[in-house]
Amino acid sequence: MKPHDNADVDLEDGKLLKDRLKTVRSNRIHKIPNQALLSGLAYCISSCSMILVNKFVLSSYGFNAGISLMLYQNFVSVVVVSMLSFFGVVSTEPLTWKLIKVWLPVNVIFVGMLITSMFSLKYINVAMVTVLKNVTNVITALGEMYLFQKHHESKVWAALFLMIISAISGGITDLSFHAVGYAWQIVNCFLTASYSLTLRRVMDTAKQVTKSGNLNEFTMVLLNNTLSLPLGIVLIFLFNEVDYLVTTPLLRMPIFWIVTTLSGFLGLAISFTSMWFLHKTSATTYSLVGSLNKIPLSIAGIVLFKVPTSPENFTSILFGLLAGVFFAKAKMRSPAQS
């Protein structure tokens with residue numbers, strides 16, 4: 001046998017060995033037990049933590065620049081996703097001008113949704129925010145009926161009615177009621193519902209202008225957060241947050257930067273874990289877990305931030321949270337949800 005023949009055999013053996021190692025590694029990755037449970041826990045922890053950390057930054061630190069906080073969180077998301085895409089960990093579509101033009105209306109609503117959430121969270125306790133967010137479901141259901149001719153069963157409408165009652169009773173019995181905070185939260189509900197309804201239409205158009213014909217979660221995260229940066233900078237000047245940022249001592253505290261950076265990573269973690277959880281389970285289970293997730297979040301918000309409450313207010317909050325669970329279960333059984 002010639003020397004170069006031995007080299008060819010060694011090369012083939014090396015390729016076989018590499019293929020076997022890849023197979024073993026892939027099998028190990030896919031054999032992680034209870035991925036549905038693990039992804040669900042990761043989603044619950046990240047979503048709860050994000051709201052609690054934002055509440056801590058805005059209320060406990062008394063940070064009066066909600067738009068700037070949103071801008072920094074989105075900047076962190078852009079940096080992390082861009083790095084993951086650069087190193088080939090995730091795949092993203094190129095942000096072409098055609099894609100940006102299609103996506104811009106959705107992004108304006110997205111930015112408004114984030115900012116109003118920040119403003120409301122500064123004035124309202126976490127438990128009442130979670131209850132008032134149920135109003136979004138009511139607006140979305142009405143939007144689906146008029147825009148998409150989608151009909152819901154009586155159980156769904158009954159759950160929506162219970163949500164409205166709980167929101168009204170919760171506001172009446174709220175010992176820390178703040179009219180400005182409630183106004184921002186109602187606006188947030190309309191914007192969140194508009195984002196959900198608009199996204200369905202824009203996604204189909206956006207897929208047609210991408211190079212691959214697809215629009216994955218990572219591309220949407222990168223697209224939303226990148227487009228929010230210039231809009232956020234404009235809003236910072238419009239709301240006159242620049243003067244506050246120059247004078248506040250918080251920006252000279254390293255621990256404050258650590259907490260705000262953590263909030264940025266948590267925002268990104270919600271996108272990743274929700275995608276992972278949806279991949280490992282169904283959309284209906286995802287919706288139900290999201291509703292159940294509000295119960296420990298509300299209790300944690302009351303305990304951690306020492307929110308003054310009364311038996312009537314606590315009952316209204318619990319009633320609203322259970323109405324959310326009832327709504328999710330009703331949607332699971334609804335034929336229109338298929």
Side-chain angles (χ1 to χ4, degrees), residues 50 65-119 136 139-150 184 187-242 263-265 267-272 274-275 278-279 283:
M50 178 66 175
I67 301 173
S68 301
L69 178 60
M70 179 275 298
L71 183 68
Y72 182 69
Q73 289 173 346
N74 291 0
F75 174 73
V76 171
S77 296
V78 170
V79 171
V80 175
V81 175
S82 297
M83 289 179 63
L84 291 175
S85 178
F86 178 78
F87 289 107
V89 179
V90 300
S91 61
T92 57
E93 294 291 327
L95 303 187
T96 62
W97 180 240
K98 286 184 178 180
L99 181 59
I100 290 172
K101 283 196 297 183
V102 170
W103 200 264
L104 196 57
V106 179
N107 185 255
V108 172
I109 300 173
F110 172 76
V111 171
M113 181 180 71
L114 293 182
I115 292 173
T116 52
S117 176
M118 293 286 189
F119 287 168
T136 303
I139 301 169
T140 304
L142 291 171
E144 287 175 336
M145 187 173 66
Y146 286 105
L147 294 175
F148 304 109
Q149 287 75 48
K150 186 174 182 179
W184 280 120
V187 175
N188 175 260
C189 290
F190 277 96
L191 288 173
T192 304
S194 299
Y195 179 74
S196 174
L197 295 169
T198 308
L199 189 64
R200 297 183 187 184
R201 290 188 169 184
V202 173
M203 278 183 67
D204 292 333
T205 308
K207 287 178 182 178
Q208 296 173 8
V209 298
T210 58
K211 290 187 176 180
S212 67
N214 280 322
L215 193 68
N216 60 27
E217 181 76 17
F218 298 103
T219 301
M220 286 192 286
V221 170
L222 184 61
L223 191 57
N224 260 335
N225 288 284
T226 301
L227 293 180
S228 71
L229 298 182
L231 183 56
I233 292 171
V234 172
L235 290 172
I236 284 174
F237 283 96
L238 286 177
F239 280 79
N240 199 27
E241 288 189 359
V242 177
S263 69
F265 277 101
L268 191 58
I270 293 174
S271 299
F272 290 162
S274 62
M275 183 178 63
L278 273 169
H279 180 66

Would you say the side-chain atoms of [X] pair up with the backbone N or O of [Y], donor to acceptor, closer than 3.5 Å?
X	Y	result
Thr226	Leu223	no
Thr192	Asn188	yes
Asn214	Asn216	no
Thr210	Leu215	no
Gln73	Gly267	no
Ser196	Ala193	no

Exercise for the section: Would you indicate whether Phe265, at its atom CZ, is surrounded by more than 12 heavy atoms from other residues, nucleotides or ligands within a distance under 6.0 Å? Expected result: no
Practice task
Please say whether more than 12 non-hydrogen atoms of neighbouring residues, nucleotides or ligands are located less than 6.0 Å from CE in Met145.
Solution key: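 Buried by this count: over 12 neighbours within 6.0 Å.
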[X] vs [Y] side-chain heavy atoms within contact, under 4.5 Å:
X	Y	result
Asn225	Leu268	no
Leu114	Asn74	yes
Val81	Phe272	yes
Thr198	Pro105	no
Trp97	Ile100	yes
Leu71	Phe75	no
Met203	Val106	no
Asn224	Trp103	yes

What heavy-atom pair brings [X] and [Y] nearest, and what distance separates the two atoms?
X	Y	answer
Glu241	Gly66	OE2-N, 3.4 Å
Pro94	Lys211	CG-CD, 4.1 Å
Thr116	Gly112	OG1-O, 2.8 Å
Val102	Val202	O-CG1, 3.6 Å
Phe119	Ile67	CZ-CG1, 3.9 Å
Val111	Ser228	CG2-CB, 3.5 Å

Got a second to check how far [X]'s [atom1] is from [Y]'s [atom2], nearest 0.5 Å?
X	Y	atom1	atom2	value
Leu235	Asn240	CG	CG	13.0 Å
Leu199	Ser194	CG	OG	12.0 Å
Met113	Met70	CE	CE	10.5 Å
Ile115	Phe110	CD1	CZ	10.5 Å
Lys101	Thr96	NZ	OG1	9.5 Å

Handout entry: Contact list for residues 75-90, test side-chain hydrogen bond (donor to acceptor under 3.5 Å, both in side chains), sequence neighbours left out
Key = Ser85-Thr92
Handout entry: side-chain hydrogen bond (donor to acceptor under 3.5 Å, both in side chains) against Thr140, all qualifying residues, sequence neighbours excluded
Key =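 Partners of Thr140 under the side-chain hydrogen bond (donor to acceptor under 3.5 Å, both in side chains) test: none.
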Handout entry: Contacts of Ser271 that satisfy side-chain contact (heavy atoms from CB on, under 4.5 Å) - sequence neighbours left out
Key = Glu217, Val221
